[in-house]
Protein chains: 2
Amino acid sequence: MEEMDDAPEATSRQTGLDAAGSKGPATISDVAARAGVSKTTVSHVLSGRRPVSEATRRKVMRVVEEMGFQQNFFALGLSGRRSQTVALVVQDLTNPFYPALARGLQQAVGKRDHVVLLADVGAGTPPIEAFLNEAVQRRVDGVVVAAVDVPDRMLEPLLASGARVVTVGSPRHGTSTDVVSSDDGRIAADAVAHLYSQGHRTMGVISGPVRVAPGSARLDGYRQALRDHGLRPLRAAEAVGDWTRESGAKAMNLLMDLERRPTAVFCANDLMAIGALDSARSLGLSVPSDVAVLGVDDIDAAGLVSPSLTTVRVPAQEIGRVAGELLLARMDDPTGTPRRVLVQHHLVHRESA
Amino acid sequence: MEEMDDAPEATSRQTGLDAAGSKGPATISDVAARAGVSKTTVSHVLSGRRPVSEATRRKVMRVVEEMGFQQNFFALGLSGRRSQTVALVVQDLTNPFYPALARGLQQAVGKRDHVVLLADVGAGTPPIEAFLNEAVQRRVDGVVVAAVDVPDRMLEPLLASGARVVTVGSPRHGTSTDVVSSDDGRIAADAVAHLYSQGHRTMGVISGPVRVAPGSARLDGYRQALRDHGLRPLRAAEAVGDWTRESGAKAMNLLMDLERRPTAVFCANDLMAIGALDSARSLGLSVPSDVAVLGVDDIDAAGLVSPSLTTVRVPAQEIGRVAGELLLARMDDPTGTPRRVLVQHHLVHRESA
DNA sequence: CTCCGAACGCAAACCGGTTTGTAAGCAAGG
DNA sequence: CCTTGCTTACAAACCGGTTTGCGTTCGGAG
């Protein structure tokens, strides 16, 4: 307070009128006027694209602080810059995986003052294409696509506009982008390893549909893991579900009917595992003593059902974080071949296995 | 196609070079040149702020279609317009209530070509203030605040910037905004009515903390409902939890120890209700024959635990939808007193009550 | 002392729209 | 025939930044 009552006082008085007082937020011209330099110089100080003498730099920065000047978002965008925005396209926001991913993404890009534009494909409105077009218009810096319903074709205008793209899940065929995903093969392997360590030697599996990547990768991983432990994967002990609780129960019924009944069942997701628990209960089998059940995902309900579900947690939040970091890295350096990052899962040991 | 070979041809030829061919997307000048009118006229056709002759309008629109012209987002913003963006601030995105709300909001505002900027307070990064400042900068049209951690003070710059605000939950004291929330009193009343209709005459309640609105409102609603059914609320049968599963179990233990043991317990949320189920199981009581349990929220797990939980569903998605509609309505007509909308919940009848 | 290059700062043009003030064309009224 | 009034379209200024090209100033070398 005291310090302001010296030399700059006269200046601050006169500019105070039209800068702080009357019109809205301060503009670059206000700053320039008050600092006694030109707009150009202020711009250079702020962007650092051209050298400015230390004295001038200081003087300008002080005024910037004083006036609380912030560059106008639209003016910035209009003169060719990008928008400090990343778009996130998710398949289905009501699936808890995606909110966690969104949070991780926000954390990562927030550190660099970027903001997240959200699109939930599952909402139906507006159509994805409209959203992606909007993203181009707003010159987003990057897009994270975590939705199978977005074909390569739709991403092309985006890439053409200079935005970076990161895909979550399996790599795309047509367009090559950075990819981040879970390591489905190892998830299955770790699950099997756990069951084996608990003494189980006769295992079964409830797999997801094999035509999609996580389905087949987890099934393959399971088979390979059995072999690695010196066990033979039995075709009969492989049931297929469609990720739903009901399909899990049905599959479990089949497995429990087998001649060589498995003492442990690896389920490719938690929902099917919960279905398997339903089935076990209705058959009068107790879990885990009669049969152990292990899931994948660690959804909320996994800890709430009883017996609580032992499961392999896929760290959605970290996937989001990594996606954000890949995006930022690409923005700094757009060259180089596409990267693929596998995030580390871990086993959550509860009661069911 | 054929039609293009007449008068405008010469013009379209020369502009075709630098409009469609070389540089990026078409600008308003390109359109003007090709349509043989001025920028001004094109602008008026597009915005409809001044009358334009039907013939000119048609001509311009045809060219707009042909060239796939879209107004530049930044230029639009720079010349004083708002940004076709609404911001959503949520308390904790990993709580399934909020993603559902987000979806509803997207559906509502998407119909008017608005896009959703997301901020998850729970993520910690970036700080809320930074996000809200960013919202002001980007001149968002509106903000939906569904987060208790956002005090009035922080909203002021936003309101000053002309953005509309809708609060989800309880009304604010200082600033008056539109509000949308569930009807907590009636939720409790409907729950009690259901239990009553199942023949229960001795009830208990596991309430949330009474210093927050949904906690006290649900407790009050419960008491009033008892009286409305000619029953006397017993102080002893009122336990208080903190919304967690553990607190629910503890409270249930208390209630089941009572001399006049309740045959039915209304829990102010599902998590505590699941805790109550834990307690009942460990006490060897069967639900619902020995004691009925009823929750509020209808979280995913409600359908997955066993016995599955009868609960009152708070329609988060509809809350989001309504919030979006209130926002749009306010943009059309900023005048009028703040509105408060209560959304309709409904009872989901499962096994536990 | 003169000349040269580097360092520094400025004016003006530009990004792509909107908005205001005004001119031109035309029909109806005095 | 000349206003008057209305419709329609345009040129120019403006929003708030960035970027380019150029003129000054200054220190050091010739």
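Owing to the predicted nature of the structure, the values given are computational and were not obtained by experimental measurement. In what follows, every chain begins at residue 1, and chains take the letters A, B, ... in the order their sequences are listed.
A:S38 has no side-chain polar atom (N or O) that falls below the 4.0 Å cut-off from OP1 or OP2 of C:dA11.
For the pair B:R139 CZ and D:dG16 C1', the interatomic distance rounds to 10 Å; values are reported in whole Å. Separating the CZ atom of A:R57 from the P atom of C:dG9 is a distance of 12 Å, rounded to the nearest angstrom. In this entry the distance linking CZ of A:F73 with C1' of C:dC15 reads 15 Å, nearest Å.
The shortest side-chain heavy-atom distance between B:R82 and B:S161 falls under the 4.5 Å cut-off. Proximity of B:R164 to B:L328: side-chain heavy atoms (C-beta onward) are nowhere separated by under 4.5 Å. B:Q106 places none of its side-chain heavy atoms less than 4.5 Å from the side chain of A:L93.
Nearest nucleotide to the side chain of B:S53, out of C:dC8, D:dT8, C:dC10: D:dT8.
A salt bridge is defined here as a Lys NZ or Arg NE, NH1 or NH2 lying under 4.0 Å from an Asp or Glu carboxylate O, and A:R57 with A:E54 meets this definition. Between A:R112 and A:D332 there is a salt bridge, since at least one side-chain N of the basic residue sits less than 4.0 Å from a carboxylate O of the acidic one.
Of the residues near DNA chain D, B:V52 and B:L78, the one whose nearest nucleotide (by heavy atom distance) lies more toward the 5' end is B:V52.
The main-chain N or O of B:L76 is never found under 3.5 Å from a side-chain atom of B:Q71 such that the two would form a donor-acceptor pair.
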Along nucleotides 17-23 of chain C, 5' to 3', which nucleotides get a B, which get an S, and which get a -, given that the test is a protein heavy-atom distance under 4.0 Å? BBBBBB-
